[in-house]
Number of protein chains: 2
Amino acid sequence: MRASETAYRVLRDEILSWRLAPGTPLSEVELAARLGVSRTPLRAALSRLALEGLLDTSRGRTGIVPDVSPESVAELFELREALEVHAARLAARRGDPAVFAGLAAEFARAAEVLAGQGVDAYYEVVADFDRAIDEAIANPAMCGALEGVRTHLVRARRLAGDNPERLLRAAEEHRLICEAIRDRDEALAASAVAVHLRASLNEILATLRSRIPQEGIR
Amino acid sequence: MRASETAYRVLRDEILSWRLAPGTPLSEVELAARLGVSRTPLRAALSRLALEGLLDTSRGRTGIVPDVSPESVAELFELREALEVHAARLAARRGDPAVFAGLAAEFARAAEVLAGQGVDAYYEVVADFDRAIDEAIANPAMCGALEGVRTHLVRARRLAGDNPERLLRAAEEHRLICEAIRDRDEALAASAVAVHLRASLNEILATLRSRIPQEGIR
DNA sequence: ACCAGCGCAAATGTATACAAAACTGTGAAT
DNA sequence: ATTCACAGTTTTGTATACATTTGCGCTGGT
């Protein structure tokens with residue numbers, strides 16, 4: 001594994017998991033020492049993070065971990081809506097009905113999965129769903145854009161936490177989306193995605209607002 | 001100006017303007033010598049181009065200028081449709097009607113502009129339109145995604161050339177979009193964008209197919 | 001004639017030294 | 001008290017030397 005790749009993955013994981021808090025400056029020399037690589041590959045990792053929006057280089061010379069504000073989450077979800085509504089349409093148009101029928105069954109069993117195997121097992125089903133969408137639309141440009149918003153979503157979701165009731169409703173929303181795609185109903189798939197995104201956004205914003213007083217936004 | 005920034009802009013311009021043809025290998029040592037910078041800033045420029053999709057690093061170690069195939073253009077336009085249809089909806093929802101009324105008037109004069117000042121003056125109006133959309137939606141995440149597709153579009157457009165009849169029809173389509181946004185008619189704005197994109201794609205694909213025999217796709 | 005194995009060469013990946021630029025704190029003057 | 005200027009310090013930007021990898025061609029065998 002290349003040193004630049006290692007540094008990138010470590011830093012990306014630390015940012016997405018909130019081990020690196022928003023506002024933390026990412027100094028080249030300090031990180032190079034901590035990760036045991038020289039500044040050259042570390043710079044490559046930082047510039048890659050910056051281009052993906054996981055590092056804010058707009059203020060001053062030293063990049064800082066970007067803040068997660070209600071505004072930034074709302075903006076992310078507008079982009080997410082643009083991409084995922086269209087992705088659902090494309091999936092309904094050319095996806096494999098059998099695949100999405102299977103996923104619909106998985107989501108129908110979400111209550112058992114959550115109770116028996118925990119939230120990680122549930123999120124694995126969601127990851128399967130994302131992969132199925134990518135495969136169905138078969139468009140590298142779309143998939144790349146989707147990948148970007150999913151990355152940022154991980155960070156917001158970690159902050160919002162795992163509300164069991166919300167996860168059950170989310171599973172139901174996913175089931176509806178899968179069934180619409182299975183039935184090749186583009187309009188319904190698009191609407192079902194829009195419904196799901198609105199509910200998700202509201203959940204995250206509610207959690208975010210209740211936590212702001214404790215966290216301290218700069 | 002930083003050397004890495006200079007190298008990035010030069011290479012980006014050379015790729016978008018087709019001075020660097022698809023398939024051309026971008027060797028670090030060769031480019032560093034040609035642009036008069038060392039390999040370190042040049043590498044930063046290349047990695048940035050690769051992340052933006054203007055350099056294909058998936059085949060072999062040395063990156064090559066990506067091909068522009070009918071498939072890749074069609075894929076780009078699916079992403080473009082996802083983003084621009086939603087952007088038009090957002091612009092209709094919260095844009096300044098006066099701004100888009102003014103742009104509609106500009107597009108109505110497109111025939112004069114094209115005849116009197118040439119295609120560059122017309123494309124400047126389109127650039128004004130893009131800026132107005134960005135300002136109206138006021139969403140950095142959306143704007144960043146739009147910027148990406150516009151960049152790739154430049155390359156496809158250069159290939160397709162400037163068909164005068166098509167430009168006149170495109171101006172008319174833009175006028176309709178602006179009027180819909182001006183009237184805060186989200187559904188019409190979305191439809192008008194979809195119409196425009198389909199016509200643009202068909203034009204580019206037609207030109208592309210007629211040129212393939214001469215150009216030689218690898 | 002073709003294929004496998006090997007070695008060379010050219011390209012990229014990394015480390016480090018040096019240059020330049022930008023923030024910080026101090027000091028004095030208004 | 002505030003602001004401006006300046007120097008020092010820290011941080012990033014660049015160049016170059018070295019390490020490592022990978023692709024390619026040569027040679028020998030079948």
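Proteins come first, then strands; the chains are lettered A, B, ... in the order of their sequence lines, and each starts at number 1.
Listed by residue number, the members of residues 28-45 of chain B with any heavy atom below 4.0 angstrom from DNA chain D are B/Val37, B/Ser38, B/Arg39, B/Thr40, B/Pro41. Scanning residues 1-8 of chain B for heavy-atom distances under 4.0 Å to DNA chain D yields B/Arg2, B/Ala3, B/Ser4.
Residues forming a ring pair (Phe, Tyr, Trp, His ring centres under 6.0 Å) with B/His174 (at least two apart in sequence, or on another chain): B/Phe107, B/Phe129, B/His196. Looking at residues two or more places apart in sequence or on another chain, you find a side-chain contact (heavy atoms from CB on, under 4.5 Å) between A/Arg43 and A/Glu28, A/Arg39. Among residues two or more places apart in sequence or in another chain, the salt bridge (Lys or Arg N to Asp or Glu O under 4.0 Å) test is passed with A/Arg2 by none.
Under a cut-off of 6.0 angstrom, the local environment of CD in B/Glu124 is crowded, with over 12 non-hydrogen atoms contributed by other residues, nucleotides or ligands. Residue B/Arg198 places its CZ atom among 12 or fewer non-hydrogen atoms of other residues, nucleotides or ligands, all under 6.0 Å distant. Within 6.0 Å of CZ in A/Arg34 there are more than 12 heavy atoms belonging to other residues, nucleotides or ligands.
Mapping B/Gly60 and A/Ser27 onto DNA chain D by nearest heavy atom places A/Ser27 at the nucleotide closer to the 5' end. The residue among A/Arg61 and B/Leu26 whose nearest nucleotide of DNA chain C lies closer to the 5′ end is B/Leu26.
Look at A/Asp13 and A/Arg19 and you find a salt bridge, because one of the NZ, NE, NH1 or NH2 atoms lies within 4.0 Å of a carboxylate O, short of that distance.
Between B/Leu26 and B/Ile64 the shortest side-chain heavy-atom distance does not fall below 4.5 Å. Taking 4.5 Å as the limit, some side-chain heavy atom of A/Leu90 sits within range of a side-chain heavy atom of B/Glu78. Inter-residue side-chain proximity for A/Tyr123 and A/Asp162 is flagged as met; some heavy-atom pair is nearer than 4.5 Å.
The nucleotide range of DNA chain D contacted by chain B, defined by atoms under 4.0 angstrom from heavy atoms of the protein and reported 5' to 3', is D/dG13 to D/dG23.
As a whole-Å value, the separation of B/Leu55 CG from C/dT12 C1' is 13 Å.
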